[in-house]
Asker: 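Pasting in a structure now, in structure tokens, and then I'll have a few things to ask.
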There are 2 protein chains.
Amino acid sequence: MFSIGQISTRTGVKVPTIRYYEQMGLIAAEERTEGNQRRFSQDGLERLHFIRHARDLGLSIDMIRHLLTIAPSNHAESHRIAAEHLGEVRDRIARLKRLEAELVRIKDSCDGKDECSVLSAFGDHSQCASGH
Amino acid sequence: MFSIGQISTRTGVKVPTIRYYEQMGLIAAEERTEGNQRRFSQDGLERLHFIRHARDLGLSIDMIRHLLTIAPSNHAESHRIAAEHLGEVRDRIARLKRLEAELVRIKDSCDGKDECSVLSAFGDHSQCASGH
DNA sequence: TATAATTCCTCTAGTCCCTAGAGGTTCAAG
DNA sequence: CTTGAACCTCTAGGGACTAGAGGAATTATA
């Protein structure tokens, strides 16, 4: 049995966040001590790992609850959710990569010079690109 | 002069969001009509483009305000902000890529089969990877 | 030009996912 | 058995929007 602090350090999810997840119905402590403190089993720990992982993947709390309740009995459904989400993640990567390129340009290509303001570089993709 | 709706469609920033930005002190309509409707100049349009762009890059509203007020007169400062942010963006890309790989694994490697539950795949990186 | 449809206004409140703080109780190490 | 860390509940705040109510202005159509 683990205390909330223990599963917190083991999963990297902060203590108040775990309590928040409990409130949201994602997780529940199997037991409480005499003094009302949460005690989690190995199962709870794994469930929290799952939640954390899924959050990292960008799934909403609703989606996760869905996965945790409906999905276990419905393989195809959870499968579908994963697949659906893949598209979104790829989109985000693509956008971020564009932005990365832009930041590199802002940082490097205008180094020290005054002609190309960072501000306008931010505002307009095509400005620095050919200029120098 | 553009109406709020016009700069909205031109920049892709929703009308209420523009008003929100105004409230946050990022942008202001140069004029108002007799009937109190906002009218933006070309400058306003560009400023909003900039804001949108910067938000896409993940800059906070505070950072953007900083860029828009302090930075224009201080090239080095805005430069520094951009550089500083590059690290964060790269981090995010790296994380998302790991997540993408994982989603692909979840989606593909367990396709149709029942042995490897999406749930446990979500919960544990290393589970599906070698299993089948 | 009248009227209808659309866009705009302000304001308040709600959403999502936490995070912080107050004020107090329980647990585990020494 | 004491002390200090970890725990409890509860309320409120924060960032970046988003939605809705209730009404006024603008634009397009007849």
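Everything numeric here is computed off the predicted structure, so don't read it as measured data. Note on naming: letters A, B, ... go to the chains in the order of the sequence lines (proteins, then strands), and numbering restarts at 1 for each one.
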Asker: For D/dC7, does either OP1 or OP2 sit under 4.0 Å from a side-chain N or O belonging to A/S3?
Answerer: yes
Asker: By salt bridge (Lys or Arg N to Asp or Glu O under 4.0 Å), which residues pair with A/D43, not counting sequence neighbours?
Answerer: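 Partners of A/D43 by the salt bridge (Lys or Arg N to Asp or Glu O under 4.0 Å) criterion come out as none, since no residue qualifies.
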Asker: Sequence neighbours left out, what passes side chain to side chain contact (heavy atoms under 4.5 Å, CB included) with A/T11? Give chain and number order.
Answerer: A/V13, A/L45, A/L48, A/H49
Asker: How many whole angstroms separate atom CZ of A/F2 from atom C1' of D/dC7?
Answerer: 18 Å
Asker: Could you pull out all residues at least two apart from B/R39 that satisfy side chain to side chain contact (heavy atoms under 4.5 Å, CB included)?
Answerer: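 With neighbours one apart ignored, the set is B/M1, B/S3, B/E31, B/T33, B/Q37.
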Asker: If the condition is side chain to side chain donor-acceptor pair (under 3.5 Å), which residues does A/S41 pass it with, not counting sequence neighbours?
Answerer: A/E30
Asker: By side chain to side chain donor-acceptor pair (under 3.5 Å), which residues pair with B/Q42, not counting sequence neighbours?
Answerer: B/E46
Asker: Where along residues 28-38 of chain A does a heavy atom come under 4.0 Å from DNA chain C, residue by residue in number order?
Answerer: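 Residues of residues 28-38 of chain A that come under 4.0 Å of DNA chain C are, in numerical order, A/T33, A/G35, A/Q37.
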Asker: Nearest 0.5 angstrom please: B/R52 CZ to B/L26 CG, how far?
Answerer: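 Reported to 0.5 Å precision, the distance equals 14.5 Å.
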Asker: Can you sort out the partners of B/E22 under salt bridge (Lys or Arg N to Asp or Glu O under 4.0 Å), two or more places apart, ordered by chain and number?
Answerer: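 Counting only residues at least two positions away or on another chain, B/E22 forms a salt bridge (Lys or Arg N to Asp or Glu O under 4.0 Å) with B/R32, B/R38.
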Asker: Distances for protein N/O vs nucleotides 12-17 of chain D N/O pairs under 3.5 angstrom?
Answerer:
residue, atom, partner, partner atom, Å
D/dC17, OP2, B/Y21, OH, 2.8
D/dC17, OP2, B/R55, NE, 2.7

Asker: Using a 4.0 Å cut-off to any heavy atom of chain B, which nucleotides of DNA chain C are the first and last in contact, reading 5' to 3'?
Answerer: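 Footprint of chain B along DNA chain C, 5' to 3': C/dC8 to C/dT10.
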Asker: Find which nucleotide of DNA chain C each of A/R39 and B/Q6 is nearest to by heavy atoms, and output the residue with the more 5' nucleotide.
Answerer: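 Between the two, 5'-proximity favours B/Q6.
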Asker: Could I get the full list of side chain to side chain contact (heavy atoms under 4.5 Å, CB included) partners for B/Y20, not counting sequence neighbours?
Answerer: B/M24, B/I61
Asker: Keeping to residues at least two apart or across chains, list the salt bridge (charged side-chain N to carboxylate O under 4.0 Å, His left out) pairs with something in residues 5-21 of chain B.
Answerer: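 Salt bridge (charged side-chain N to carboxylate O under 4.0 Å, His left out) check on residues 5-21 of chain B returns no pairs.
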Asker: Go through the structure and list residues passing side chain to side chain contact (heavy atoms under 4.5 Å, CB included) with A/T9, not counting sequence neighbours.
Answerer: none
